[in-house]
Amino acid sequence: MKKAIIILGSSNSNGETSKMIKFVCDKTNYPIVDLKSKNIGEFDYEFKNSNDDFLPLMEEIVTNFELIIFATPVYWYAMSGILKTFFDRFSDCLETRKDLGKKLKGMEMAVISSGSDKELKNGFHMPFIETANYLGMKYIADVHCWIENGNIPNEVKLKLTNFTKQIQ
Ligand SMILES: Cc1cc2nc3c(=O)[nH]c(=O)nc-3n(C[C@H](O)[C@H](O)[C@H](O)COP(=O)(O)O)c2cc1C
């Protein structure tokens, strides 16, 4: 089993994306960090946010884990704003905390998305893949999910089971 952490970036801590990651966690026991429970400000050119929760969280991630699994709802064809804010803050790791940026190199990335549509539009994964490339991370897997009548349909359960095998 890899040392992995799931970063939940939804506006609903107990919503549909959360249901998907619980399915994965039942099989893997991977820990979850809910970005909604963290105080992580937008990227600031003067790094005025350097005392918020971002740097301690990154420190924990690069020290203890080898794989980051980002879990996001699809909001307006893209990752959620809360997750994008987290991605913007990677820039802190390239400027004021280069030590953290260096440790991201060689780590792995995977993505779980949840939308109302069964298909993602082209390009949804591009910011993840290119960010992984830029940071020297390895993009290893993704899975797109949806809910039907409040439940995870069997088709999605199968996709999540296959995904779980890829990230173990
Ligand atoms: C602001 C907003 C924008 C959305 N945009 C899309 C979209 O572009 N494509 C899509 O398939 N679903 C869209 N949805 C539906 C959500 O992606 C879907 O219901 C998702 O599973 C919600 O996960 P959550 O409960 O973690 O927020 C949108 C929902 C919201 C609230």
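In each ligand, atom 1 is the first atom listed, and ligand 1 is the first ligand listed. Computed from a predicted model, the values in this text were never measured in an experiment.
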TODO: Might you list the protein residues in contact with ligand 1, defined as having a heavy atom under 4.0 Å from one of its atoms, sorted by chain and number?
DONE: Ser10, Gly15, Glu16, Thr17, Pro73, Val74, Tyr75, Trp76, Tyr77, Ser114, Gly115, Ser116, Asp117

TODO: Apply ring pair (Phe, Tyr, Trp, His ring centres under 6.0 Å) to Phe87 and list each qualifying residue two or more places apart in sequence or on a separate chain.
DONE: Phe70, Phe90, Phe128

Open item on the list: Counting only heavy atoms not in Glu42 (residues, nucleotides, ligands), do more than 12 fall under 6.0 Å from its CD?
Closed with: no

TODO: Given side chain to side chain contact (heavy atoms under 4.5 Å, CB included), test Leu67 with Met109 step by step and report yes or no.
DONE: CA-CA 6 Å; Leu67 164 64; Met109 184 191 293; 5.6 Å; no

Open item on the list: I'd like to know if the side chain of Lys22 pairs up with that of Ser18 as donor and acceptor (distance under 3.5 Å, no hydrogens or angles considered).
Closed with: yes

Task: Test: Lys36 and Asp34 ion pair at under 4.0 Å - done: no

Task: Candidate pair Val156 and Val143, rule side chain to side chain contact (heavy atoms under 4.5 Å, CB included), full reasoning - done: CA-CA 9 Å; Val156 173; Val143 63; over 6 Å; no

